[in-house]
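Below is one structure, written out as structure tokens; the observations come after it.
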2 protein chains.
Amino acid sequence: MREGPNIVRIAALIGDQTRTEVLTALIGGKALTATELAGVAGVTKQTISGHLAKLIDAQLVSVESQGRHRYFRLADDDVVQLLESLMGVAHRTGAVRLRSSPRDPAMHKARVCYDHLAGELSVQIYESLLKRDAFVPGKDGLVLTVGGKRFFTRVGIDVEIVRLQRRNFCRACLDWSERRHHLAGALGAALLERLMVLDWAKRDRDSRVVNFSRAGEQALRELFRLPVAR
Amino acid sequence: MREGPNIVRIAALIGDQTRTEVLTALIGGKALTATELAGVAGVTKQTISGHLAKLIDAQLVSVESQGRHRYFRLADDDVVQLLESLMGVAHRTGAVRLRSSPRDPAMHKARVCYDHLAGELSVQIYESLLKRDAFVPGKDGLVLTVGGKRFFTRVGIDVEIVRLQRRNFCRACLDWSERRHHLAGALGAALLERLMVLDWAKRDRDSRVVNFSRAGEQALRELFRLPVAR
DNA sequence: GCAATGGTTCGGCTAACATCGAACCATGAG
DNA sequence: CTCATGGTTCGATGTTAGCCGAACCATTGC
């Protein structure tokens, strides 16, 4: 009768305010401790401990113990994709949070999606690269062409070193605010990393927003030949 | 404090066995009545009525009244994408249904994803088209090139007529079993439709499986120049 | 060794919600 | 009009699960 994977359990886990608070906090990409997570979720540590146990059991979150601390992070990229997918639907159905802060437009322009860039700018980068044949589809994600490699070399990224990472090198990720794709994988992460090192962009202290400096955005736009800013 | 769309409500709705039964039944693409849905979910009609009201209120499902019947269908493509995304995570975490039927390999090869094709074959088609520059990324999904149009004309699809539909014409959809993209949108739907008319493929009576005839698969492979079958 | 901090386990309380029986409204057939 | 069928509303019931207080284990610092 029933077929396919059991999605109910996963959805039920996300269908709780506290746990979603945890998951969205982890989209930021940084590994957090239980007490930190209890703080952002606004519950006691006993409660958060219970929730984290469930999330780990379901393999949505993974842990690493270091001394008396336990660091929690998302277990896999696909969790990020799932959350962004959920946000897409929530966005369409108008189920947005009441407190739509001034952050909102900034979130749309550029934000962190786990460890890579999301939002308007990121989509433009991805599409510009695609249009210039920077990658072709491969058997597991995207394959960077010789021409594509040049773009990254020019920002100061050593593509061959990035390629050594065990994770997926380069793939597309659906952007909930734009409903289009942006660059993810090790290469996407390396790009965001590099933007921060160059001081072209800075992460907002306590949100997923990424703020570009005037010069940084300018340089990025020229480098990836993005359409002119409005 | 909190930012972004409210995903908890959506996830909580999916996090119920009965409602998920309803949603997955509707991925099949056909609009179903309340009593039919009560049947597949195994609950009484009062119960299903309550669930449907919630799903409609959250805009995951839409209704159309016809006489004394009310036909329920998924409200938007993004719900399908969300469900497939969930299945992807559930698949990775090994949370598959106990009863893994002989249907399972068939599901992986070809199945219906709302109104278009999903599974191994569909991914191959998509990637073959992409490699042959059948589309370029556009501002809202993919744009079919002149070269791409030829592929569809050759199967007997009048692309210009398909383009008239109000829905998104052509876009990519993430495939949970393959973890890669396949073709969706009006064009994807038209292709599946055409395959059935040509008798190259048939839908399984009571599942999402799509069975290809020997000749049909052969023809499809040649037409879209797919890699040789294993 | 002893306190302090990070985290988990246990038990009990409470609220939310899925379920169904029964009654009720709407449409269509005879 | 009358009856049958498709759906919804209401109220009562039972289960689930989130939450916290308290006690407990583990690691670090003094």
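Just so it is clear: chains get the letters A, B, ... in the order the sequence lines come, proteins before strands, and each one is counted from 1. Treat the numbers as computed from the prediction; the structure is a model and nothing was measured.
Atom CD1 of Ile7(A) is separated from atom OG of Ser85(B) by 10.0 Å, given to the nearest 0.5 angstrom. In this structure, NE2 on His181(A) lies 11.5 Å from OG on Ser122(A), to the nearest 0.5 angstrom. Note that CD of Glu84(A) and CE of Met87(A) are 5.5 Å apart. Values are rounded to the nearest 0.5 Å.
Atom NE2 of His69(A) and atom C1' of dT27(D) are 9 Å apart (whole Å).
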Show me the donor-acceptor pairs, under 3.5 Å and distance only, between side chains in residues 26-33 of chain A and residues at least two apart or in other chains.
unit_1: Thr33(A); atom_1: OG1; unit_2: Glu36(A); atom_2: N; d: 3.3
unit_1: Thr33(A); atom_1: OG1; unit_2: Glu36(A); atom_2: OE1; d: 3.2

Would you list the atom pairs, donor with acceptor, under 3.5 Å between side chains in residues 182-199 of chain B and any protein atom, with sequence neighbours excluded?
unit_1: His182(B); atom_1: ND1; unit_2: Asp175(B); atom_2: OD2; d: 2.9
unit_1: His182(B); atom_1: NE2; unit_2: His116(B); atom_2: NE2; d: 3.3
unit_1: Arg194(B); atom_1: NE; unit_2: Val155(B); atom_2: O; d: 2.8

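Residues passing the salt bridge (Lys or Arg N to Asp or Glu O under 4.0 Å) test with Arg19(B), sequence neighbours excluded: none.
Between Lys109(B) and the options Glu217(B), Glu120(B), Glu178(B), a salt bridge (Lys or Arg N to Asp or Glu O under 4.0 Å) holds for only Glu217(B).
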Close N or O pairs between protein and nucleotides 15-21 of chain D (under 3.5 Å):
unit_1: dG18(D); atom_1: OP1; unit_2: Arg19(A); atom_2: NH1; d: 3.1
unit_1: dG18(D); atom_1: OP1; unit_2: Arg19(A); atom_2: NH2; d: 3.0
unit_1: dG18(D); atom_1: OP2; unit_2: Lys54(A); atom_2: NZ; d: 2.4
unit_1: dC19(D); atom_1: OP1; unit_2: Thr18(A); atom_2: OG1; d: 3.0
unit_1: dC19(D); atom_1: OP2; unit_2: Thr18(A); atom_2: OG1; d: 3.4
unit_1: dC19(D); atom_1: OP2; unit_2: His51(A); atom_2: NE2; d: 2.5
unit_1: dC20(D); atom_1: OP2; unit_2: Thr44(A); atom_2: N; d: 3.4
unit_1: dC20(D); atom_1: OP2; unit_2: Thr44(A); atom_2: OG1; d: 3.3
unit_1: dC20(D); atom_1: OP2; unit_2: Thr47(A); atom_2: OG1; d: 3.0
unit_1: dG21(D); atom_1: N7; unit_2: Gln46(A); atom_2: NE2; d: 2.5

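Legend: salt bridge (charged side-chain N to carboxylate O under 4.0 Å, His left out) pairs involving residues 56-66 of chain B, not counting sequence neighbours, sorted by first then second residue: Arg9(B)-Asp57(B).
Between Gln66(A) and Ala53(B), the residue anchored nearer the 5' end of DNA chain D, judged by the nucleotide with its closest heavy atom, is Ala53(B).
Mapping heavy-atom proximity under 4.0 Å, the span of DNA chain C touched by chain B runs 5' to 3' from dA18(C) to dG28(C).
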